[in-house]
Asker: 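Okay, handing you the structure first.
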Amino acid sequence: MIAGWINSCYESIRNWWVACGIPLVWLDIIRAILLGIVLAIIVVVAVLILTYVERKVAGHFQSRMGPMRVGWHGLLQPIADAIKLIQKEDIVPEKADYWVFTLAPFVVFVPVMMVLVVIPFGDHLIVQDLNIGILYIFAVSGIGVVAILMGGWASNNKWSLLGAMRSVSQMVSYELPLILSVLGVVILAGTMSMGGIVEAQRKMWFIVYQPLGFIIYLFAATAEVNRVPFDLPEAEQEIVAGYNTEYSGMKFAMFYLAEYANMFIVSMIGATLFLGGWQGPLLPSPVWFLIKTGAMVFILLWFRWTFPRFRVDQLMDFGWKVLLPFAFINLLVTALVVII
Amino acid sequence: MTGLETEEILSAIVFYLLSGVVVGSSILVITLRNIFRSALFLLLAFFATAGLFITLDAEFIAAVQVLIYVGAIGVLILFAIMLTRRIQDPVAKSTTRSFILGAFVSAAFLFFLILILGKIYLPPFPETGADTEGITKGIGRMLLTYYLLPFEVVSVLLVGALIGAVVIARKEEARGGEPPEVALERERKDREITDSKPDGNGLEQNDRKH
Amino acid sequence: MAEDRDRILKTMITEDELSAIEARPELKKDYRTEEFWMNVGPQHPSTHGVLRLVLKMDGEVIVDCVPQIGYLHRGLDKMAELKTYNQYLPYLDRADYVSAMLTEHCYVMAVEKLAGIEVPERAEYIRVIVSELNRIASHLVWLGVLSLDLGAITPFLYCFREREIIMDLFEMLCGQRLTYNYLRFGGVAFDIDEAVNPNAPHKFLGITVNPGGERGVDFTTLAYRFAEVFPDRVDDYEAILTHNEIFLERMAGIGYLPLDVALSYGVTGPNIRGSGFAYDIRKVDKYSIYEKVYNGTGIEPPTGEKGDCWDRYKVRIQEMRDSCKMIKWCLDNIPDGPIRSKVPRVLKVAEGETYMRIEAPRGEFGIYLVSDGTNKPYRLKLRGPSFSNLSVLPYMIRGYKVADLIAIFGSLDVILPDCDR
Amino acid sequence: MALKEIIEKKEIEGVVEIEETPHLLILWFEPDKIMDVIGILRDDSELSFDWLSFLTAIDMKSHLDVIYLLYSTKHKHRICLKTSVKRRHGSIKSIHELFAGAAWHENEVYDMFGLRFEGHPYPRRILTAPGMEGYPLLKDFHSPDFIVSGGVSRKPEKFREK
């Protein structure tokens with residue numbers, strides 16, 4: 001419905017464009033820029049809402065109200081926070097590596113924006129349905145680690161460095177089970193394109209065929225986005241704030257934004273791969289997608305406000321000795337079933 | 001100016017831009033004094049190479065390039081730098097010595113590369129059709145049929161490397177006599193004995209309970 | 001390395017100490033990566049106040065540790081010599097502000113012992129009730145902060161929710177929520193019957209007491225109700241922590257404290273009971289009315305088996321339940337009568353010296369009091385349990401990881417004002 | 001048998017006097033023999049004082065009294081050991097080898113009274129701020145920064161607001 005409307009708009013603009021005699025390439029470029037802006041706005045809005053939701057959910061988990069003062073039931077709290085963060089002084093430590101330190105918060109945002117390109121928000125609401133969608137997502141999300149390494153190293157602070165090291169070792173070990181858990185879905189769907197995977201779930205969600213894969217994905221994804229109980233890189237009680245110890249103001253906000261955006265993205269991918277994406281009866285497709293993503297986000301929040309934190313070596317053990325073997329078994333069984 | 005020309009010009013611009021980034025950052029990798037930054041430029045070079053693959057419509061290769069070179073190898077290099085270099089030194093220097101030797105080796109390598117590339121017979125890549133839809137499928141099929149032998153050879157090589165790594169790691173341990181955890185635990189026990197006072201009154205633990 | 005060394009030298013570790021550390025037999029060099037110094041604190045999220053730990057680290061493994069204390073040193077010993085006995089009482093609340101009632105209790109008993117003041121039995125009961133309430137409050141702070149340090153944020157808020165009830169109870173009793181100044185020589189300041197909250201019906205997070213009551217909720221009703229309900233709440237904490245696999249992994253088998261080491265270092269309280277030694281001063285010294293309480297309730301001090309963090313955790317959890325039983329028993333059996341005996345306004349204590357100790361939530365809180373017959377103490381020495389408990393930390397954390405440092409330090413339950421005094 | 005008699009029967013070398021006050025049993029000993037006295041008190045099975053509550057000092061104006069409070073967790077009896085040392089530049093042997101926890105207490109006494117402990121593994125001022133001069137718990141100590149007069153602490157010249 002929405003996609004149809006957008007498409008008809010685009011068609012008419014296109015026709016007018018051709019009539020004017022300007023090469024279509026320029027239209028494509030303008031379209032790409034506009035889409036980028038739209039996606040950026042989506043990210044920012046989603047993160048603002050997510051911070052509010054997180055605080056409210058946390059509040060109710062802890063039998064308190066959460067933010068209540070700014071606006072009705074604290075609805076304007078995220079905006080107040082954003083204003084606060086913008087106003088903060090931007091501090092760069094004297095002995096920090098200035099350029100790397102400054103660049104890191106922007107690099108961390110690159111994968112966020114790039115991943116959004118292949119996510120189907122609704123029926124035909126997808127920017128570019130790459131036929132290597134999932135591979136693309138995992139490839140691009142690896143860049144986030146580089147940003148964290150940059151930030152941790154350039155801060156010239158031992159806590160930051162420890163946080164960065166933890167982050168890297170964690171992501172390296174959880175990337176494998178994550179990819180393996182998703183491969184089961186790829187085998188079932190017979191395609192790596194995100195749109196194709198959603199189409200393949202028209203009859204039944206993949207969570208039914210891949211319960212183990214879903215669980216592994218959930219754990220590994222939680223670890224990938226550094227949420228409790230895997231939030232070691234920024235475990236404030238242990239290493240102050242990990243890689244973003246020295247960051248303040250907008251630079252910190254960028255890290256923060258990227259972290260929440262990553263959480264959102266991980267939930268969206270989970271909803272797409274295992275929960276049937278945007279498909280659902282009655283309601284418009286983006287709403288269904290949002291509901292499923294919300295459910296995933298809620299699970300992550302639930303984790304955070306219930307569990308203590310793992311220790312580094314326990315985390316590694318869990319990744320390599322539990323998740324990885326199970327992911328292999330899952331993959332093997334799926335492949336055998338599909339062949340037979 | 002027709003649309004087609006513009007497109008061609010644009011793709012040329014993109015190509016030269018990416019090539020410029022690749023070449024420029026490659027040069028920076030070997031000239032920069034700060035080893036961490038030069039490693040970052042290495043990553044940039046890898047990334048730009050992936051961009052070049054995309055201009056050739058080889059999306060799969062591009063994704064694999066980013067996944068393996070940027071996500072795995074590059075990060076590993078950065079990690080190694082952080083671990084081995086003096087911890088907490090923002091201006092860790094890379095030492096680019098023996099320039100002449102390096103240049104000679106590079107030149108020789110280039111020469112042999114050209115020589116080999118000129119001589120070698122590459123089997124023509126079978127036509128898979130112009131569509132990029134089935135590119136992943138196509139690559140997979142190719143690897144398991146036409147290029148099965150090279151693929152298996154590479155696999156064996158990788159397995160060998162893996163086993164080698166494990167063996168080397170085990171050797172380290174064997175040289176130390178025991179893994180770090182065990183050593184630490186043992187040492188803790190030693191300390192317990194030396195640090196604690198001998199229990200003078202000869203009481204058993206149970207006697208102390210009232 | 002040299003830079004680190006200089007910087008740390010400038011900030012308090014002596015040369016001797018540093019060389020002593022550097023001369024220690026180190027692990028085999030084969031797999032040892034570069035060691036570095038790291039500062040934890042004085043402002044660090046999990047040092048509970050202002051403690052500074054200078055760590056020598058090998059990656060994430062702690063090779064050695066030097067605690068730096070004294071950031072909260074206020075000279076409470078010296079202050080005692082400048083104030084009269086009565087004036088000094090409020091200062092004691094600041095020694096261990098998490099369990100101020102108990103520090104007061106110790107001081108008041110020391111002075112009473114030296115001055116030969118009799119205490120009415122009702123006052124003794126009230127003292128035990130408030131002490132045990134405060135012990136629960138203190139353990140709740142410990143539990144909340146420990147879980148927070150381990151990354152579980154929600155139990156922290158649960159704990160403080162229940163602590164709030166105790167704080168409200170104390171507010172009803174003496175108008176203060178943290179530094180009470182409630183005990184007096186020869187008794188207590190106010191009777192618990194006078195403590196009424198006019199905002200009836202009083203609803204404390206699900207505990208509805210005396211609904212529609214006309215004069216509000218009185219202390220006795222609310223405290224009794226609290227003691228009844230609280231064990232269920234402890235079950236809640238256990239449901240979210242004890243039965244959590246991650247929590248178990250983080251606590252069990254970590255930070256062993258062998259009994260002989262604990263004795264040698266003078267570790268007290270739940271920490272030594274966690275090491276398997278049922279050494280509870282309430283039971284050993286039988287001060288105040290604790291003998292009756294123990295006989296009446298039949299409670300035995302809980303002990304651990306191995307002396308790891310998990311045992312210390314279990315001991316404290318059990319102590320909270322026991323304290324509830326004690327409060328209930330005291331409220332059931334409290335006699336009528338005066339709450340204070342006649343004590344001269346200007347108290348002059350006979351010449352002499354004594355040592356009085358109590359079982360504070362953290363262990364043996366003692367006061368060594370020397371009087372020269374005037375109205376001011378000649379010398380007053382506070383023995384804070386945290387001081388000794390902290391001194392064993394370097395021994396305990398060697399060879400563990402930073403994350404374990406947090407768990408071990410948390411399980412020791414050190415309060416810095418009590419340590420620095 | 002009372003504790004006093006038990007100790008008297010042991011005839012520990014270095015013990016000067018055993019004094020029974022209403023609240024504490026005080027044992028005076030010679031400062032040179034500290035290791036022997038405390039060692040025997042700790043290791044003798046009839047006494048087994050295995051617990052050092054604390055150690056501290058009192059400024060008696062002419063000399064310092066050093067006080068060790070021992071407790072036996074087995075027999076549940078307590079004893080207060082006392083000895084006298086010089087007030088200025090005094091020293092006594094460290095007992096950290098007998099009670100590991102004594103090291104910190106000894107540092108505290110050094111910090112507060114200026115009493116040196118021989119053989120202490122890491123002597124330092126444990127509680128007061130770096131650069132502190134003087135020993136606060138000596139009776140004639142007056143804070144250089146805050147002069148107490150008439151019950152009101154007055155800031156010295158250098159800290160006053162201009």
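Proteins get letters first, then strands, A, B, ... in listed order; numbering begins at 1 in each. It should be emphasised that the depicted structure is a prediction, and the values quoted were computed from it without experimental measurement.
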Asker: Is the side chain of Thr154(C) donor-acceptor paired with the backbone N or O of Gln62(A) at a distance under 3.5 Å, no angle test?
Answerer: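 Such a contact is absent between Thr154(C) side chain and Gln62(A) backbone.
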
Asker: Looking at Phe326(A), I'd like to know if its CZ atom is crowded, meaning that more than 12 non-hydrogen atoms belonging to other residues, nucleotides or ligands lie closer than 6.0 Å.
Answerer: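 No, CZ of Phe326(A) has 12 or fewer neighbouring heavy atoms, counting only those of other groups under 6.0 Å.
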
Asker: Looking at CD1 of Ile153(C) and CZ of Phe61(A), how far apart are the two atoms once the value is rounded to the nearest 0.5 Å?
Answerer: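 Spacing of CD1 (Ile153(C)) from CZ (Phe61(A)) equals 12.0 Å.
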
Asker: Heavy-atom cut-off 4.5 Å, strictly under: side chain, backbone, both or neither for Ile254(C) against chain A?
Answerer: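 Just the side chain, heavy atoms under 4.5 Å.
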
Asker: Any side-chain to backbone donor/acceptor pair from Arg250(C) onto Arg309(A)? Under 3.5 Å, distance only.
Answerer: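 Yes, Arg250(C) side chain to Arg309(A) backbone: donor-acceptor pair under 3.5 Å.
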
Asker: Indicate the atoms forming the closest heavy-atom contact of Pro308(A) with Asn244(C), along with that distance.
Answerer: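 Nearest pair, atom of Pro308(A) first, then Asn244(C): CD-ND2, 3.1 Å.
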
Asker: Calculate, to the nearest 0.5 Å, the distance between atoms CG and CD belonging to Asp317(A) and Glu249(C) respectively.
Answerer: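 Asp317(A) atom CG to Glu249(C) atom CD measures 8.5 Å (nearest 0.5 Å).
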
Asker: Hey, is CZ on Phe298(A) packed in by over 12 heavy atoms from elsewhere, all under 6.0 Å?
Answerer: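 Above 12, so yes.
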
Asker: Nearest 0.5 Å, please: how far is CD1 in Ile240(C) from CZ in Phe307(A)?
Answerer: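 Phe307(A) atom CZ to Ile240(C) atom CD1 measures 9.5 Å (nearest 0.5 Å).
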
Asker: Tell me, side chain or backbone of Tyr158(C) under 4.5 Å from chain A's heavy atoms, or both, or neither?
Answerer: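 It is the side chain, since no backbone atom gets that close.
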
